[in-house]
Amino acid sequence: MTKPLILGISGASGLIYGVRALKFLLEADYEVNVVASKATYMVWQAEQNIKMPAEPDQQAEFWREQAGVSSKGKLLCHRWGDVGATIASGSFRTLGMVIMPCSMSTVAKLATGLSSDLLERAADVQLKEGRPLVVVPRETPFSLIHLRNLTTLAEAGVRIVPAIPAWYHNPQTIEDLVDFVVARTLDQLNIDCVPLTRWQGH
C-alpha cells in the first residue's frame, strides 16, 4: 500500500491551491492527512465567508465538499493543536508533506525549528527524518527576510515551489492556472495525478 501524504494548509491567501491538490490526490486514491493551521479558519471566513469546522470528522466532510470528491481516496483530518497526532511522530511513515499555500510566518518558524502547532511539528518531522517536504509560498513581494528564510529551508533540502503559474499550456480558467502549480508541486514527490499539458518542445 502507498504510504500517506501529509497536506498542510496554512493561513496564507489562496486556499484554492490546497483544495485543488486535495481533489486530485483523492481522485487518484491517495491517503491524505490534512492539517490546517489556526489562521486557516480565519482566512476561509475572510475570503469565502465560510466557516471551517474544528472537529476532524466534520472537517473531513468540509474538505471533501470543497474538493468535490465525495468518496474516493482516504482522508484524515487533524486538529491544528493536536501535537499527539500520528503525523507528529517520525515513526509514522509518510510519502512526505506538502504545505500549500504556505505563509511566510510558517516559513519563518520552519526555518528556525519552531513547532508551535501540529502543521509545523509535522513539517519538522519530515525534515528530521529526511523525507520530502515541499512548500508553496504565497506572498509577493518577498522581503529580504522572506528570501533568507526560504534559502535556509532550501539548504535543508526543502523544495520551494512558488505559486507562479505558466501560460504555455494555454490556460482558460483560474483553475487551469492553479492546477499548473499543483502539478509542479506534486512532481517534487514524483506524484503525477493532475491532468496537465506538459511542455513538448518546439
Side-chain angles (χ1 to χ4, degrees), residues 2-37 40 43-44 46-48 50 62-75 94-104 106-107 110 119 123 126 131-143 146-147 149-151 153-154 157-202:
T2 302
K3 294 188 288 291
L5 175 72
I6 304 172
L7 176 60
I9 301 174
S10 80
S13 181
L15 296 177
I16 188 174
Y17 287 104
V19 170
R20 297 293 286 182
L22 182 61
K23 167 186 168 61
F24 292 118
L25 288 166
L26 291 177
E27 287 180 342
D29 283 326
Y30 279 88
E31 177 181 336
V32 186
N33 280 247
V34 169
V35 55
S37 70
T40 306
V43 174
W44 265 117
E47 290 191 347
Q48 301 292 332
I50 298 174
F62 170 85
W63 286 116
R64 281 191 176 277
E65 181 180 346
Q66 296 301 314
V69 183
S70 60
S71 59
K72 296 189 73 175
K74 183 176 181 181
L75 176 60
T94 70
L95 292 174
M97 181 175 182
V98 172
I99 305 177
M100 180 164 48
C102 187
S103 68
M104 287 299 105
T106 300
V107 166
L110 296 182
L119 187 155
Q126 308 311 302
R131 296 174 189 156
L133 175 60
V134 187
V135 301
V136 181
R138 219 302 310 152
E139 184 62 271
T140 192
F142 289 136
S143 72
H146 297 156
L147 292 169
N149 286 335
L150 287 168
T151 298
L153 291 184
V158 178
R159 301 296 294 169
I160 312 296
V161 184
I164 301 173
W167 274 262
Y168 61 75
H169 60 301
N170 192 29
Q172 301 297 307
T173 65
I174 291 175
E175 285 76 13
D176 290 342
L177 294 170
V178 170
D179 292 351
F180 176 87
V181 175
V182 172
R184 298 297 288 123
T185 299
L186 297 180
D187 278 351
Q188 309 308 305
L189 297 167
N190 200 30
I191 295 175
D192 184 7
C193 63
V194 181
L196 177 71
T197 301
R198 297 180 181 272
W199 178 247
Q200 302 297 315
H202 297 292

Glu27: what forms a side chain to side chain donor-acceptor pair (under 3.5 Å) with it, not counting sequence neighbours?
-> Lys23
Which atom pair, heavy atoms only, marks the closest approach of Arg138 to Ala163?
-> CG-CB, 4.0 Å
For Thr173, side chain to side chain contact (heavy atoms under 4.5 Å, CB included) partners two or more places apart = Glu175, Asp176
Roughly how far apart are Ile164 CD1 and Phe180 CZ, rounded to 0.5 Å?
-> 10.0 Å
Is Ile160 close to Leu153 at the side-chain level, that is, under 4.5 Å between some pair of heavy atoms?
-> yes
Where the side chain of Arg64 meets the backbone of Val69, is there a donor-acceptor pair that is under 3.5 Å apart?
-> yes
Looking only at atom types and distance, does a side-chain atom of Asp29 sit under 3.5 Å from a main-chain N or O of Gly73, one as donor and one as acceptor?
-> yes
Interatomic distance, CG@Asn33 vs CG@Leu7, rounded to 0.5 Å, equals 9.5 Å
Identify the heavy atoms of Gly11 and Ser37 that sit nearest to each other, and give their distance.
-> N-OG, 3.2 Å
Thr197 side-chain N/O to His169 backbone N/O, donor-acceptor pair under 3.5 Å | no
So, Ser13 and Glu47: side-chain donor and acceptor under 3.5 Å apart, yes or no?
-> yes
Which pair of non-hydrogen atoms, one from Ile6 and one from Gln126, has the smallest distance, and what is that distance?
-> CD1-NE2, 3.5 Å
Sequence neighbours excluded, which residues qualify as ring pair (Phe, Tyr, Trp, His ring centres under 6.0 Å) partners of Trp199?
-> Tyr168, His202
Can any side-chain N or O of Thr40 pair as donor or acceptor with the backbone N or O of Ile9 at less than 3.5 Å?
-> yes
Is the backbone of Ser10 close enough, under 3.5 Å, to the side chain of Thr106 for a donor and an acceptor to pair up by distance?
-> no
With Ser71, which residues qualify under side chain to side chain contact (heavy atoms under 4.5 Å, CB included), at least two apart?
-> none
Which donor-acceptor pairs under 3.5 Å do side chains of residues 188-196 form with protein atoms, sequence neighbours excluded?
residue	atom	partner	partner atom	Å
Gln188	OE1	Arg159	NE	3.0
Gln188	OE1	Arg159	NH2	3.3
Gln188	NE2	Arg184	O	3.0

Output the distance between atom CD1 (Ile174) and atom CG (Asp179), rounded to the nearest 0.5 Å.
-> 11.5 Å
Tightest non-hydrogen contact, residues Gly18 and Pro101, listed as N-CD, 4.3 Å
State whether the side chain of Gln172 and the backbone N or O of Asn170 hold a donor-acceptor pair below 3.5 Å, judged by distance alone.
-> yes
Contacts of type side chain to side chain donor-acceptor pair (under 3.5 Å), residue Gln200, not counting sequence neighbours = none
